[in-house]
Every structure is written in structure tokens, then in C-alpha cells.
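Okay, so here's the structure we're looking at.
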Amino acid sequence: MFGPKKAQRDEEFSQFVTDAQSSLSGTAWLLTGNREQADDLVQSALVKTYVAWPKVRRADALAYARRTLVNENIDRWRSRRSEVLDDDPASSLAALDAHERLATHDEVARLVRRLPEGQRRVIVLRYFCDMTEREIAESLNISPGAVKSAASRGLATLRTLQAEGALA
């Protein structure tokens, strides 16, 4: 029952987790704004990815795990209908590795956290995860036009928030 195929699959998945952990953690934190929720989200997405691992194309494994992570976040959001954000974003940023800290500057992270949930998802997937509009539309089960609209509104909101912060 637990032959060489399972051992090989487990070894491949372990390597995938090692390679993808940082990226998935950063994405989850940007989606949730809370380190503990992000860790739970990544864990849940990795469990679901492991279950599907025999069917996952290795070249698309990160995209699959990211999509699973986003879907899991949507499910959790729907069940809660509200999010609790960390009061101190610096404490959560400290837990990210150096690469993630460079990619998510403190100011940008705080501004992104202030976006409405739908806009935040699109902005994170488009500009932090570098997904195409089509990939985002498929991942979130919305139209490409809705992705463009949410991205446009999200960027406009970020510009406004940044301008307000510069004046304060």
C-alpha cells in the first residue's frame, strides 16, 4: 500500500512545499492581513493540494496551490463575513522572510489591507502574484471585465489612500 510511488510523491510534495512556502505565506498574509489566519490558510491549502497531488501538473503546482489558497480564503470569508486585521502590521511583516519584506513594503501592505475584500483579492493576485486577468477571473469565478474593474477601482483607491497619507 505504501510503496515507492507514495514515497516518491511525498518527496516531490515536500520539495514543492519548501519551494512554495514563502510565496504562499506572503499571498495569504496579503489576503487576510493576519499572520495566524494566513498560516492556517496556507496549511489548509497545502492539505488540499496534497490530496490532489497525483492529478496536479508539476509545472502548474504553484498556481494550483495559490488558487486553492484563494478559494479557501473566499470560503472562510463567506462563513465569517468579516475579517479581523492585526493592529500592528510591522509585527506580521517581521515574520516574513527577507524576500517577502522587499516585495511587500510596509506602506503598501497597510494600504492594500484597507481595500475592500474583492478589490484586495484582485490587486494581490494581479500585482503581487503576477497572475493574468484571465487567470484571476478563473480563480475567483468572475468575468475578466470584473477583474479589470476591481483592479482599476483598487488602484484608484490605493492612490487616494496614499495621497491622504502623504498629506497627513
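By the 30° and 60° cut-offs, the orientation of the rings of W53 relative to F16 is tilted.
Contact detail for G154 and Q119: the closest heavy-atom pair is CA-OE1, 3.4 Å. Shown here for P54 and V51, the closest heavy-atom pair between the two residues is CD-O, 3.7 Å. The two residues V42 and A28 make their nearest non-hydrogen contact at CG2-CB, 3.6 Å. V122 approaches A150 most closely through the heavy-atom pair CG2-CB, 3.8 Å. P144 and A137 make their closest contact through N-CB, 3.8 Å (heavy atoms, listed as atom of the first residue, atom of the second, distance). Across all their heavy atoms, S139 and M131 have their closest contact at CB-CE, 4.2 Å.
Annotation: side chain of V47 is in contact with side chain of Q43 (closest heavy-atom distance under 4.5 Å). Between L46 and F13 the shortest side-chain heavy-atom distance falls below 4.5 Å. Counting heavy atoms from C-beta on, the side chains of V147 and R134 never come closer than 4.5 Å. Counting heavy atoms from C-beta on, the side chains of L140 and L125 come closer than 4.5 Å. Side-chain contact between E117 and N73: present, with at least one pair of heavy atoms (C-beta onward) separated by less than 4.5 Å.
Judged by a 6.0 Å distance limit and a 45° cone about the ring axis, R58 is not positioned over the six-membered ring of Y64.
Atoms CG and CG, from L115 and L161 in turn, are 7.0 Å apart once rounded to the nearest 0.5 Å. Put simply, SG on C129 and CG on L69 are 8.5 Å apart, with the number rounded to the nearest 0.5 Å. The CZ atom of R114 lies 6.5 Å from the CD atom of E164; values are rounded to the nearest 0.5 Å. Here the OG1 atom belonging to T68 is positioned 15.5 Å from the OH atom belonging to Y50, to the nearest 0.5 angstrom. Residue R66 holds its CZ atom at 10.0 Å from CG of L31, rounded to the nearest 0.5 Å. Interatomic distance, R121 CZ to I123 CD1, rounded to the nearest 0.5 Å: 13.0 Å.
Proximity of a side-chain donor or acceptor of R153 to a complementary backbone N or O of A151 within less than 3.5 Å is not detected. The backbone N or O of D10 lies less than 3.5 Å from a partner atom in the side chain of S14, making a donor-acceptor pair. Between the side chain of S149 and the main chain of G145, no donor-acceptor pair closer than 3.5 Å is present. Put simply, the side chain of T27 gets close to the backbone of S23: a donor and an acceptor are under 3.5 Å apart.
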(message) Using the rule given for side chain to side chain contact (heavy atoms under 4.5 Å, CB included), can you reason through Q37 versus L41, listing the C-alpha separation, both sets of side-chain angles and the distance that settles it, and then say yes or no?
(response) CA-CA 6 Å; Q37 288 177 6; L41 191 61; over 6 Å; no
(message) Assess the residue pair Q8 and E12 against the criterion (side chain to side chain contact (heavy atoms under 4.5 Å, CB included)); give the C-alpha distance rounded to whole Å, side-chain angles, the decisive distance to 0.1 Å, and a yes or no.
(response) CA-CA 6 Å; Q8 181 181 358; E12 285 177 352; 3.6 Å; yes
(request) Begin from the C-alpha positions of F128 and V112 and carry the test side chain to side chain contact (heavy atoms under 4.5 Å, CB included) through to its verdict. (result) CA-CA 11 Å; F128 288 88; V112 168; 4.1 Å; yes
(request) Mind running side chain to side chain donor-acceptor pair (under 3.5 Å) on R126 and T132 for me, showing each step along the way? (result) CA-CA 6 Å; R126 180 73 180 107; T132 66; over 6 Å; no
(request) Start with the C-alpha gap between R35 and S25, add the side-chain angles, then the distance that decides, and say whether side chain to side chain contact (heavy atoms under 4.5 Å, CB included) holds. (result) CA-CA 9 Å; R35 193 80 204 135; S25 293; 3.8 Å; yes
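Applying the side chain to side chain donor-acceptor pair (under 3.5 Å) criterion to R57, with sequence neighbours excluded, gives D60.
In summary, the side chains of D19 and Q15 do present a donor paired with an acceptor at a separation below 3.5 Å, with no hydrogens or angles considered.
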